[in-house]
Visitor: 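My questions will all concern the structure given below.
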Amino acid sequence: MEGSIQTLRYRAEEILEDLTLDEKIGMIHGDELFRTKGVERLGIPPLSMSDGPCGVRAEFHPREWVSVGNTDDYVTYIPCNSAIAATWDRQLARSAGSVLGEEARGRGKDVMLAPGVNLKRTPLCGRNFEYFSEDPYLTTELASEYVKGVQSWDVAACLKHFAINHQETGRLGVDAEIDTDVLEELYLQVYKDIIDAADPYSIMSAYNKIHGEYCSQSKYLLNEVLRERWGYQGFVVSDWGAVNDTKLAAEAAIDCEMSVTYDFDEYKFANPLKKMVESGEIDESLIDEKVIRILILMLRLNMIGEDRMIRKDASYNTFAARAKVLDIARGSVVLLKNEDNILPIIRPEIKEKRILVVGENANKIHSNSGGSAEIKALYEISPLMGLKSRIGGSTKIDYLQGYCSKLNSETASSGTNWQELSLENGGGSALGNGDADKELREFRGKLREEVLQACTEYEYIIFVGGLNHNIDSEGVDRRNIELPYEQNELLDALLDKRPDTIVALTGGACVDMSKWIHKCKALLWMYYNGMEGGNALAEVIVGDISPSGRLPETFYISEKDCSGVSVGDCGDEKMVHYRERFHIGYRHTCKENIKVLFPFGYGLSYSEFEISDPSFNRGMEEVRVMLKNNSDFDATEVVQVYRLPDEKADYIQLVGFEKVYLKANGTINASIPIKDRQGDGKYAVGKNVLELIPVQ
Ligand code: BGC
């Protein structure tokens, strides 16, 4: 049973007394790719870790990046963190974490290497889909619930990547020039707030450097900020291969070194550290402290001694988990445009009609790629499958690929796991938009022509495109936000012929839609939406549910409108400058009046909501509004409260939100608690950052 940390510490100190140096060393480094060594004679088990965040990763051979390949590691595929953020729903975030925790426990894991909580500083980062939002408050609120969900199963959540791991280019060593107030009050504050709210049992230190120091051996970051100032007593694990110097890392308050190579005994925290202790260069008490924190973690998870009998048991691949991820997927589809009420296409009206589904993403599985977030999904309902299984019967549904990411004859895999080589290849680079060779261009031209020929023969056209995990992936960034694979050419021509085409895009962050958006009437956005994503999309399209997702980030017209690209910079392999200071995302576009494609917080529903009469409640702790659903559709609105710029903070910022469900034609008084760090501000309330009414 978890006692106070101090009590657990006493117990850990007692256990420590019986441990030899070798045993301690075994506990603080990877003895397998995802496990440390236990101490059998004392009943201390190894610590077993696995990646998330979209589900528990497949089993690898313990000491080789080769999948075991059995059938028992298929799991529930959870919508990615950006998708969870798009729900703006704390309960759904808790439920996502709970599915992950339950399945981790079911699979016998102790630490889930999730969630990623770095802010989406630019839309270019290849791992954006693993992160929640550009906004610190939204990230903190949802990630805290997610952590509580994971940990409710006697499994540790692990906040990563500490800190400011905002790009993949040069990810193993890229350095950051960032003002300390910005680092601490914006980026580190997110970690601090999640620690205060949800007590995550572990944190992963990042690969990159800050002010010339590797995060994984930074005394400033780990000892001073995390341990001394914040009093964090949890477990800190390095990213895989992020420890570079034995002495510096030993002296830093990091507890365990994990890596991707097979020379386990030569990890910095293995033989090299042992030798330094024996020669007196490093004091053994530094190792003791790490071991104590690992033991505390194990005690908190009921992993040692008789506590094991009360450790929670759990299952994976349950029906209940699938229902939960369907709910999350439903809550995260964002409706961006719906001119002439093209959507929904109501079911009785489509009887005996023909639908053409177009686009590679309609027929693609995303769960099995993206870097360490890849999983073996028990199943993944593609949009095409979702639409067919929901609408089938007397409606005819045909499919055309329309565009392709590669030639169908190309095989993707070289046979070697990318992670095995991840330290050698410099760790990340930027992708172009795949300058297509002649053959590929010709092939795409043919696919396009097929669609343009066929599209007049159908009553409905549904296009499903966007990005995929060749682009949204660990180890790569985008150079720009262009929509790849000649989808612009296809959409441009298709919308000329069929302006009523329903366009649904997927990605980890925004794409440039300027070439065709003015012609598009119905537009939906989904982040990688889990195993039930295709069903959720179908339900939205046929109007079973009203879309209720809202953008957790700014959708820019061009990446140059993003402050992390134009005021500060990103993408260099060696050094990144955070010159935009606190003005990230909408803070910058609002301040500078920069036109955006869709603002932060934006999303439509099939209903018309009206927000009125905003006033304060309980002093200034809550904002109260009257919310009306002026339609015949049951629907959900996200009421958002922003603090307006003043001399304390010269940027607008989200300080409160609540997702409110309202029956058709209903009215409700909604209360939105606010959390204002600066205090004493002026506030405005609305449906997104650009449509606001002042609170009096
Ligand atoms: C990633 C981490 C991941 C680890 C283990 C690294 O490449 O950066 O996020 O948890 O591998 O797979």
Side-chain angles (χ1 to χ4, degrees), residues 5 8-49 62-63 110-111 162 202-207 213-224 226-228 232-299 303-304 423:
I5 287 275
L8 298 182
R9 201 182 160 90
Y10 293 142
R11 281 182 68 190
E13 283 169 353
E14 265 174 38
I15 301 173
L16 180 83
E17 283 175 16
D18 292 332
L19 291 171
T20 65
L21 178 60
D22 277 330
E23 286 167 339
K24 292 184 221 171
I25 290 281
M27 289 175 67
I28 63 169
H29 74 274
D31 181 53
E32 296 177 3
L33 292 169
F34 285 98
R35 252 160 79 140
T36 58
K37 235 189 216 160
V39 183
E40 217 181 327
R41 69 178 182 95
L42 296 176
I44 301 171
L47 195 62
S48 174
M49 304 176 231
R63 291 171 153 240
D110 306 311
V111 179
F162 191 61
S202 74
I203 287 183
M204 182 188 290
S205 60
Y207 286 121
E213 236 187 354
Y214 282 108
C215 291
S216 293
Q217 48 204 42
S218 162
K219 285 210 186 101
Y220 157 72
L221 199 60
L222 301 171
N223 303 36
E224 184 187 327
L226 184 66
R227 304 291 190 190
E228 282 156 36
Y232 183 69
Q233 307 210 39
F235 165 68
V236 177
V237 61
S238 74
D239 200 339
W240 269 228
V243 168
N244 290 276
D245 182 283
T246 308
K247 189 162 194 298
L248 291 178
E251 287 168 354
I254 179 175
D255 306 318
C256 180
E257 180 201 8
M258 298 300 288
S259 190
V260 295
T261 54
Y262 303 154
D263 52 345
F264 302 96
D265 291 340
E266 293 315 312
Y267 281 17
K268 307 277 187 298
F269 276 9
N271 284 338
L273 180 56
K274 187 181 163 197
K275 279 187 200 137
M276 288 177 108
V277 173
E278 284 168 346
S279 70
E281 255 178 285
I282 287 178
D283 200 292
E284 194 169 338
S285 63
L286 288 175
I287 295 173
D288 290 349
E289 199 47 45
K290 299 179 196 306
V291 173
I292 286 174
R293 282 190 294 253
I294 291 171
L295 288 168
I296 291 177
L297 172 72
M298 291 180 168
L299 291 169
M303 289 173 65
I304 297 183
L423 296 188

Visitor: Side chain to side chain contact (heavy atoms under 4.5 Å, CB included) with Thr246: which residues, sequence neighbours excluded?
Guide: Lys268, Pro272, Leu273, Met276
Visitor: By side chain to side chain contact (heavy atoms under 4.5 Å, CB included), which residues pair with Ser202, not counting sequence neighbours?
Guide: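 Side chain to side chain contact (heavy atoms under 4.5 Å, CB included) list for Ser202, sorted by chain: Val111, Ala156, Cys158, Phe235.
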Visitor: When rounded to the nearest 0.5 angstrom, what distance separates CG in Asp263 from CG in Asn271?
Guide: 10.5 Å
Visitor: Quick check: closest heavy atoms across Glu266 and Ala270, and the distance to 0.1 Å?
Guide: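 Of all heavy-atom pairs spanning Glu266 and Ala270, the closest is N-CB, 4.3 Å.
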Visitor: Is a salt bridge present between Glu289 and Arg9, judged by a nitrogen-to-oxygen distance below 4.0 Å?
Guide: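 Salt bridge flag = yes for Arg9 with Glu289.
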Visitor: Taking only residues two or more places apart in sequence, or in another chain, which ones meet Asp18 in a side chain to side chain contact (heavy atoms under 4.5 Å, CB included)?
Guide: Leu42
Visitor: So which atom in Glu257 and which in Ser238 form the shortest heavy-atom distance, rounded to 0.1 Å?
Guide: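 Heavy atoms only, the tightest pair is CA-OG, 3.6 Å.
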Visitor: Once salt bridge (charged side-chain N to carboxylate O under 4.0 Å, His left out) is applied, what residue pairs with a partner in residues 233-247 remain, sequence neighbours excluded?
Guide: Lys247-Glu251
Visitor: Quick check: do Arg63 and Asp31 have side-chain heavy atoms less than 4.5 Å from each other?
Guide: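 Touching, per the 4.5 Å side-chain cut-off.
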Visitor: Considering non-hydrogen atoms only, spot the tightest contact between Tyr207 and Tyr214 and give its length.
Guide: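 Answer, listing the atom of Tyr207 first, then Tyr214: O-CD2, 3.4 Å.
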Visitor: Decide yes or no for Ile25 and Lys37: does some side-chain heavy atom of the first lie under 4.5 Å from some side-chain heavy atom of the second?
Guide: no
Visitor: Applying side chain to side chain contact (heavy atoms under 4.5 Å, CB included) to Glu13 and Leu295, what does each step give before you reach the verdict?
Guide: CA-CA 9 Å; Glu13 283 169 353; Leu295 288 168; over 6 Å; no
Visitor: Does any pair with a residue in residues 273-292 pass ring-ring contact (aromatic ring centres under 6.0 Å, His included), and if so which ones, sequence neighbours excluded?
Guide: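 Every pair satisfying ring-ring contact (aromatic ring centres under 6.0 Å, His included) with a residue in residues 273-292: there are none.
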Visitor: So how far is it from Asp255 CG to Ile28 CD1, rounded to the nearest 0.5 Å?
Guide: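 It comes to 8.5 Å.
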Visitor: At their closest point, which heavy atom of Leu47 faces which heavy atom of Thr36, and how far apart are they?
Guide: N-OG1, 2.9 Å
Visitor: Could you measure the distance from the CG atom of Leu222 to the CD1 atom of Ile254? Nearest 0.5 Å is fine.
Guide: 6.5 Å
Visitor: Over all heavy atoms of both residues, which pair between Met27 and Ile294 is shortest? Give the atoms and the distance, please.
Guide: O-CD1, 3.3 Å
Visitor: Thr20 and Asp22: side-chain donor and acceptor closer than 3.5 Å?
Guide: no
Visitor: About how many Å separate CG of Leu21 and CD of Glu284, when rounded to the nearest 0.5 Å?
Guide: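 Reported value, rounded in 0.5 Å steps: 5.0 Å.
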Visitor: Is the shortest side-chain heavy-atom distance between Arg35 and Pro62 below 4.5 Å?
Guide: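 A side-chain contact under 4.5 Å is absent here.
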Visitor: So, do Pro45 and Asp110 sit near enough that their side-chain heavy atoms are less than 4.5 Å apart?
Guide: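 No - every pair of side-chain heavy atoms lies 4.5 Å or more apart.
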Visitor: Could you tell me whether the side chain of Val243 reaches within less than 4.5 Å of the side chain of His29, counting heavy atoms only?
Guide: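 No. Closest side-chain heavy atoms not under 4.5 Å.
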Visitor: Using 0.5 Å steps for rounding, measure from the CD atom of Glu224 to the NZ atom of Lys219.
Guide: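 So the CD of Glu224 and the NZ of Lys219 are separated by 11.5 Å.
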Visitor: List the atom of Gln217, the atom of Asn244, and the distance in Å for their closest heavy-atom pair.
Guide: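 It is OE1-N, 3.1 Å.
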Visitor: Is there any ring-ring contact (aromatic ring centres under 6.0 Å, His included) pair reaching into residues 265-286, and which pairs are they, with sequence neighbours excluded?
Guide: Phe264-Tyr267
Visitor: Does the pair Arg227 and Val236 meet the rule for a side chain to side chain contact (heavy atoms under 4.5 Å, CB included), with working shown?
Guide: CA-CA 10 Å; Arg227 304 291 190 190; Val236 177; 3.3 Å; yes
Visitor: Between atom OG1 of Thr261 and atom CG of Leu33, what is the distance when rounded to the nearest 0.5 Å?
Guide: 8.5 Å
